[in-house]
Protein chains: 2
Amino acid sequence: MATIQDVARNAGVSVATVSRVLNNQNVVAKETAIKVEKAINELNYEPSVLGRNLRTSESRLILVLIPSIANPFYTEIIKGIEDTAIEQDYNILLCETGSNPKREAIYINLVRNRLADGVISMDPAVDKVRLTELAKKYPVVQCSEYDKVGTISYVTIDSELAAYQAVRYLIQIGHKKIGLINSDNKYLYARDRYEGYIKALNEFDLPINTDWIYNVESVRFQDGQQAMRGLLNQPDRPTAIFADSDVLAIGALKEINSNGLNVPKDIALVGFDNIDFSNMTYPTLTTISQPMYKMGSASANMIIHKIKGKKVGNIILDHELIIREST
Amino acid sequence: MATIQDVARNAGVSVATVSRVLNNQNVVAKETAIKVEKAINELNYEPSVLGRNLRTSESRLILVLIPSIANPFYTEIIKGIEDTAIEQDYNILLCETGSNPKREAIYINLVRNRLADGVISMDPAVDKVRLTELAKKYPVVQCSEYDKVGTISYVTIDSELAAYQAVRYLIQIGHKKIGLINSDNKYLYARDRYEGYIKALNEFDLPINTDWIYNVESVRFQDGQQAMRGLLNQPDRPTAIFADSDVLAIGALKEINSNGLNVPKDIALVGFDNIDFSNMTYPTLTTISQPMYKMGSASANMIIHKIKGKKVGNIILDHELIIREST
DNA sequence: ATTCAGTATGTAATCGATTACATTAAAAAT
DNA sequence: ATTTTTAATGTAATCGATTACATACTGAAT
């Protein structure tokens with residue numbers, strides 16, 4: 001484990017000169033630089049990021065908080081974050097909170113400890129107070145989920161509009177009895193999508209039947225299944241379902257299929273997110289496509305800007321309704 | 001951003017004492033400790049991991065290399081790694097190589113730079129030479145994919161046996177024409193599963209038809225679809241397919257369904273991995289279950305042992321055939 | 001009364017880099 | 001020939017922690 005001192009000794013120069021060569025400031029004479037390079041190669045030297053970062057007091061690490069790595073919605077966002085970060089010499093520290101406040105606290109402390117230069121939070125269950133507190137002193141960005149009244153910058157889409165469009169589309173193809181599978185209302189995106197759903201129904205003078213609205217506690221396939229089971233047991237069944245996440249929609253689809261019903265003939269189904277898998281189901285899923293990669297990439301750029309002390313605004317990206325076989 | 005110096009000044013003690021309180025060595029007098037705690041709270045002090053790590057020359061970060069975060073097979077493993085690592089005060093640095101040697105090199109350098117204390121590699125496309133070189137000086141563990149003749153410790157399952165059992169099962173339920181959708185043979189797991197497939201066929205004196213063996217280049221849904229398209233176009237079609245990953249099997253299933261054929265009546269299908277999705281398809285997928293969480297957890301323990309300088313052996317975990325509707 | 005052991009705390013070196021400032025030598029300007 | 005510039009390099013402080021060693025004080029043992 002050679003250090004910069006070893007290199008300096010070997011090359012017969014001072015550590016300052018080695019450092020200059022390392023950071024290729026071209027103040028070093030060519031011959032000297034060559035000597036140093038030679039020593040570096042000979043000793044197989046690699047600079048210690050620890051030492052460097054301590055001095056420059058940055059870690060070049062970005063903390064990324066997600067509720068669950070198993071939700072494919074996040075994986076594409078992460079890809080966008082990672083690509084963009086690496087381009088700018090940052091690495092990401094991916095942390096799964098499991099929506100567990102204790103773990104969240106541990107991770108957020110990584111920023112206070114200066115192990116990470118900033119946070120991108122995608123956890124809708126994040127403790128808003130704690131995050132806002134952190135944001136007062138450190139760079140923080142929210143991606144996808146955000147706080148309408150808060151001060152933290154965010155990247156997101158217009159969930160309400162998207163939900164409205166999805167439900168309007170169901171109405172336009174002739175459905176009058178439209179159910180909703182929704183996440184917990186403590187999440188902003190769930191409330192927004194609910195609003196969009198209601199708005200579409202109201203606009204077309206369709207009644208709102210609370211029996212057709214099902215809130216799940218988490219976003220896993222099983223939750224979608226369970227929700228659908230509940231909806232199918234209604235005496236007066238909806239003929240179309242809007243689920244506010246593909247994962248839930250896929251669970252619902254499974255349940256519908258298992259009951260021997262046909263999608264879209266008996267029940268039409270619209271999801272949300274456009275995860276890869278939504279195109280692999282039988283039938284394939286009509287869904288709202290979120291620009292996930294772009295969201296990730298925008299978040300990464302935003303947090304890096306913040307880290308560099310620049311002012312940043314919020315970004316609202318476009319979504320798109322993708323019509324497939326389930327409607 | 002208070003430092004340990006500030007705390008020391010505020011509490012009227014030396015930095016050494018503060019450090020002692022921080023690391024709760026109980027040599028500090030109670031009253032002094034209380035003074036220090038008070039100063040810490042007052043100043044909202046958090047120790048800098050950078051400073052600490054420079055001194056102790058560890059980063060308490062574990063690098064985790066995966067080819068693609070989008071493959072659900074890895075997500076469960078990562079969960080296992082993360083839980084286990086955090087328990088022992090390590091964090092993970094999750095890095096997606098995209099099987100791109102250039103990115104891989106960047107990441108592997110993070111270890112050389114001492115930004116990470118060790119690596120868990122799950123990338124089957126990893127440059128074995130480079131990894132072995134790294135392993136000479138730094139802690140390295142391979143998970144899932146490994147090197148039979150190499151010196152790097154690993155956690156894995158017996159892929160050949162698993163594949164053998166899957167195919168034997170297909171034979172036992174009456175199939176004689178069994179196709180294989182396989183990953184690129186440059187990967188050990190692909191070769192192992194191929195061997196298992198061949199072994200089962202041989203054992204039951206079934207002919208090996210190379211037209212029924214399809215190798216894909218990467219492991220995405222589309223690759224499974226494409227492979228299945230190729231197999232369906234055979235004049236003499238197999239009646240059962242063994243795919244060496246659920247992702248491929250799900251793609252294949254999609255293709256079979258799209259062609260109006262029935263699974264399992266027309267074609268039976270067995271996957272590999274038991275990812276969450278495999279229970280959401282229509283019909284649900286018979287598959288080999290890998291103990292993914294356990295694999296992750298074992299890898300994490302193994303790398304931490306290595307980091308601490310202990311000797312470790314290899315671990316081969318048990319798999320299980322999960323029979324569902326697709327056979 | 002003196003010595004010794006034990007406890008609590010402080011001093012200062014250290015980890016491995018970066019960088020402001022100082023120094024030196026050579027080239028350019030007078 | 002002397003002074004001024006410029007270029008190349010070195011010296012040493014610094015980032016924020018940990019920790020070996022030194023020191024001061026207390027009470028017990030002789």
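Reminder, nothing fancy here: chain letters follow the sequence lines and each chain counts from 1. Just so you know, these numbers use all the heavy atoms, side chains as well, and skip hydrogens, waters and symmetry mates.
With contacts defined as side-chain heavy-atom distances shorter than 4.5 Å, the pair A:Pro101/A:Arg130 qualifies. When side chains are defined from C-beta on, A:Glu145 counts as touching A:Lys128, because their heavy atoms get closer than 4.5 Å. Residues A:Tyr45 and A:Asp6 form no side-chain contact, since every pair of their non-hydrogen atoms from C-beta on lies 4.5 Å or further apart.
Two end axes, each from the C1' atoms of five base pairs, can be drawn for the helix from C:dA1-D:dT30 to C:dT30-D:dA1; they diverge by 60°, to 10 degrees.
A donor atom on one side chain and an acceptor atom on the other are not found under 3.5 Å apart for B:Ser144 and B:Tyr189. Using modelled atom types and a 3.5 Å distance limit, the side chains of A:Tyr107 and A:Thr97 yield no donor-acceptor pair.
Between B:Val18 and A:Ala33, the residue anchored nearer the 5' end of DNA chain D, judged by the nucleotide with its closest heavy atom, is A:Ala33. Along DNA chain C, the nucleotide nearest B:Ser57 and the nucleotide nearest B:Arg20 are compared for position; the residue whose nucleotide lies closer to the 5' end is B:Arg20.
The residue A:Ala16 sits close to a base: some heavy atom pair falls under 4.0 Å.
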- B:Asn53 and B:Glu58: side-chain hydrogen bond (donor to acceptor under 3.5 Å, both in side chains), yes or no, with the steps? CA-CA 5 Å; B:Asn53 290 355; B:Glu58 57 174 10; over 6 Å; no

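The outermost nucleotides of DNA chain D lying under 4.0 Å from heavy atoms of chain A, listed 5' to 3', are D:dA8 to D:dG16.
Electrostatic pairing of A:Glu82 and B:Arg103 counts as a salt bridge here, judged by a charged N lying under 4.0 Å from a carboxylate O. Looking at B:Lys30 and B:Glu37, no side-chain N of the basic residue comes within less than 4.0 Å of a carboxylate O on the acidic one, giving no salt bridge. Between B:Glu31 and B:Lys35, no side-chain nitrogen of the basic residue sits less than 4.0 Å from a carboxylate oxygen of the acidic one, so the salt-bridge criterion is not met. Using a 4.0 Å cut-off between charged nitrogen and carboxylate oxygen, A:Lys308 and A:Asp117 do not count as a salt-bridge pair.
For DNA chain C, the residues of residues 46-55 of chain A within the heavy-atom distance limit of 4.0 Å (strictly under) are A:Glu46, A:Pro47, A:Ser48, A:Gly51, A:Arg52, A:Leu54, A:Arg55, sorted by number.
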